[in-house]
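Every number for a ligand or one of its atoms is a count from 1 in the order of the listing. Bear in mind that the values here come from a model prediction, so they are computed numbers and not experimental data.
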Amino acid sequence: MIRDGQPADVAAIVAIEADVFGADAWHTESVAAELVAPGRRVRVSGDPVSAYAVTMVVGDVADLLRIAVRPEQRRRGLAGALLEDAVVAAAAAGADRMLLEVATDNTAALRLYAGAGFTEVDRRARYYAGGVDAVVLRRSLRSGCGARGSDS
Ligand SMILES: CC(C)(COP(=O)(O)OP(=O)(O)OC[C@H]1O[C@@H](n2cnc3c(N)ncnc32)[C@H](O)[C@@H]1OP(=O)(O)O)[C@@H](O)C(=O)NCCC(=O)NCCS
């Protein structure tokens, strides 16, 4: 079940961050701030949290800031469900597109996003710690809930 993240979930999210993102991980203050920041939406699966997604909507643009799943809970559809939840909510909030950055060597995430209708629109050189490039992906939200629009 997907639900809103709560202050009681912060420690579990921080633990996943440290495990999954290493030097780029959000710490306690950052995760707690995401719960209350304007335009942010933190959604989680599990109790304790096994997966979460963080989105930001400003005007007509939604950004996927984070999505992560505990290693032992992967390939069960959790990220796909969180991503679709984020897409539906962003469209309802008035966004007409969702953007995200992903490392060029992150095969799992690249396949997740491609399967959800995201396409490459740009690249950012040496965006991540260690000098890995980022791919900027975009998905239209115009065609209604869950639809994969093609307005490029
Ligand atoms: C990327 C990530 C969020 C996927 O989470 P998940 O819950 O395992 O993903 P799902 O089970 O919903 O998978 C959806 C689809 O994504 C693709 N996918 C997911 N993991 C994959 C992998 N390891 N290899 C290839 N494709 C993969 C598949 O197409 C999959 O569909 P399928 O299982 O029917 O083949 C997870 O691997 C993770 O937390 N990675 C570390 C954090 C991260 O990289 N976040 C994204 C940063 S931009």
Side-chain angles (χ1 to χ4, degrees), residues 1-6 9-35 37 39-58 61-91 93 95 97-141 143 145-150 152:
M1 189 190 74
I2 297 174
R3 60 183 175 83
D4 289 334
Q6 305 291 332
D9 298 316
V10 168
I13 295 172
V14 168
I16 299 172
E17 281 280 321
D19 187 32
V20 169
F21 293 110
D24 292 322
W26 287 348
H27 299 288
T28 301
E29 296 72 20
S30 310
V31 174
E34 291 299 323
L35 289 178
R40 302 297 208 285
R41 191 162 178 272
V42 179
R43 298 281 280 171
V44 305
S45 292
D47 191 6
V49 174
S50 52
Y52 59 95
V54 181
T55 49
M56 173 177 72
V57 174
V58 177
V61 181
D63 287 288
L64 181 69
L65 302 179
R66 274 298 202 255
I67 190 164
V69 179
R70 280 187 199 281
E72 65 274 17
Q73 301 282 335
R74 291 179 185 168
R75 296 312 286 268
R76 297 180 187 178
L78 292 177
L82 282 163
L83 186 54
E84 196 55 27
D85 174 84
V87 161
V88 169
R97 59 200 184 278
M98 182 175 285
L99 302 174
L100 62 88
E101 282 103 15
V102 56
T104 50
D105 60 0
N106 191 342
T107 304
L110 285 165
R111 289 195 185 162
L112 166 72
Y113 299 137
F118 285 82
T119 55
E120 180 174 339
V121 291
D122 211 338
R123 292 204 171 212
R124 293 172 188 251
R126 298 174 297 283
Y127 185 75
Y128 293 104
V132 178
D133 294 351
V135 185
V136 183
L137 301 180
R138 175 188 190 279
R139 172 176 161 167
S140 173
L141 306 177
S143 302
C145 295
R148 294 175 186 178
S150 56
S152 53

The answer for which part of Tyr113 has a heavy atom under 4.0 Å from ligand 1 is side chain
Mind checking whether Thr107 has an N or O less than 3.5 Å away from an N or O of ligand 1? no
Are the side chain of Glu120 and the backbone of Leu137 linked by a donor-acceptor contact shorter than 3.5 Å? no
Working note: Arg43 + Asp9, criterion salt bridge (Lys or Arg N to Asp or Glu O under 4.0 Å); need CA distance, chi angles, decisive distance, verdict. CA-CA 10 Å; Arg43 298 281 280 171; Asp9 298 316; over 6 Å; no
Below 4.5 Å, heavy atoms only, C-beta onward: do Arg123 and Val136 meet side chain to side chain? no
State the atoms of ligand 1, each with its element, that fall below the 4.0 Å cut-off from a heavy-atom position in Gly77. 10 (P), 11 (O), 12 (O)
Minimum heavy-atom separation for Ala109 to Val102, with atom names? CB-CG2, 3.7 Å
Between Arg76 and ligand 1, which part of the residue brings a heavy atom under 4.0 Å of the ligand: side chain, backbone, both or neither? backbone
I want to know if ligand 1 touches Ala81 in the polar sense, i.e. an N/O pair below 3.5 angstrom. no
What atoms in ligand 1 come closer than 4.0 Å to a heavy atom of Glu101? 48 (S)
I need the nearest protein heavy-atom contact for atom 26 (N) of ligand 1: residue, atom name and distance, please. Arg111 CD, 3.5 Å
Is the closest side-chain heavy-atom distance between Thr107 and Arg111 below 4.5 Å? yes
Determine, considering heavy atoms only, which of Ala53, Pro71, Ala116, Ala108 sits nearest to atom 18 (N) of ligand 1. Ala108
Nearest protein heavy atom to atom 37 (O) of ligand 1, by residue and atom, and its distance? Arg74 CD, 3.4 Å
Under 4.0 Å from one or more heavy atoms of Ala79, ligand 1 contributes atoms 3 (C), 4 (C), 5 (O), 6 (P), 7 (O), 9 (O), 12 (O)
Tell me whether ligand 1 is touched by Ala68 - counting only heavy atoms on the residue side and a distance under 4.0 Å. yes
Result of checking Arg41, Arg66, Arg40 against Glu34 for salt bridge (Lys or Arg N to Asp or Glu O under 4.0 Å): Arg40
In terms of residue, atom name and distance, what is the protein heavy atom nearest to atom 13 (O) of ligand 1? Leu112 CD1, 4.4 Å
Backbone, side chain, both or neither: what part of Val20 comes under 4.0 angstrom of ligand 1, heavy atoms only? side chain
Answer yes or no for Arg70: is there a heavy-atom contact with ligand 1 below 4.0 Å? no
Regarding ligand 1, does Arg75 bring an N or O atom to under 3.5 Å of one of the ligand's N or O atoms? yes
For Gln73, run the side chain to side chain donor-acceptor pair (under 3.5 Å) check against Arg70, Arg76, Arg75 and tell me which one passes. Arg76
For the residue pair Asp133 and Ala125, what are the closest heavy atoms and their distance? OD1-CA, 3.4 Å
Do any nitrogen or oxygen atoms of Ile67 come within less than 3.5 Å of a nitrogen or oxygen of ligand 1? yes
Before giving the answer on salt bridge (Lys or Arg N to Asp or Glu O under 4.0 Å), spell out for Glu101 and Arg138 the whole-Å C-alpha distance, their side-chain angles and the decisive distance to 0.1 Å. CA-CA 9 Å; Glu101 282 103 15; Arg138 175 188 190 279; over 6 Å; no
Minimum heavy-atom distance between Met98 and Ala90, given as atom pair plus value: CE-CB, 3.9 Å
Quick note on ligand 1: atoms under 4.0 Å from a heavy atom of Gly80 include exactly 12 (O)
If you take all heavy atoms of Ala32 and Val10, which pair is closest and at what distance? CA-CG2, 4.2 Å
Got an N/O contact under 3.5 Å between Ala109 and ligand 1? no
Which atom pair, heavy atoms only, marks the closest approach of Val61 to Ala95? C-CB, 4.1 Å
Check Leu82 against Tyr52 and note the closest heavy-atom contact, atom names and distance. CD1-N, 3.6 Å
re atom 39 (O) of ligand 1, the protein heavy-atom contact at minimum distance is Val69 N, 2.8 Å
Using a 4.0 Å heavy-atom cut-off, which part of Asn106 comes near ligand 1: side chain, backbone, both, or neither? side chain
Does the protein put any heavy atom within less than 4.0 Å of atom 33 (O) of ligand 1? yes
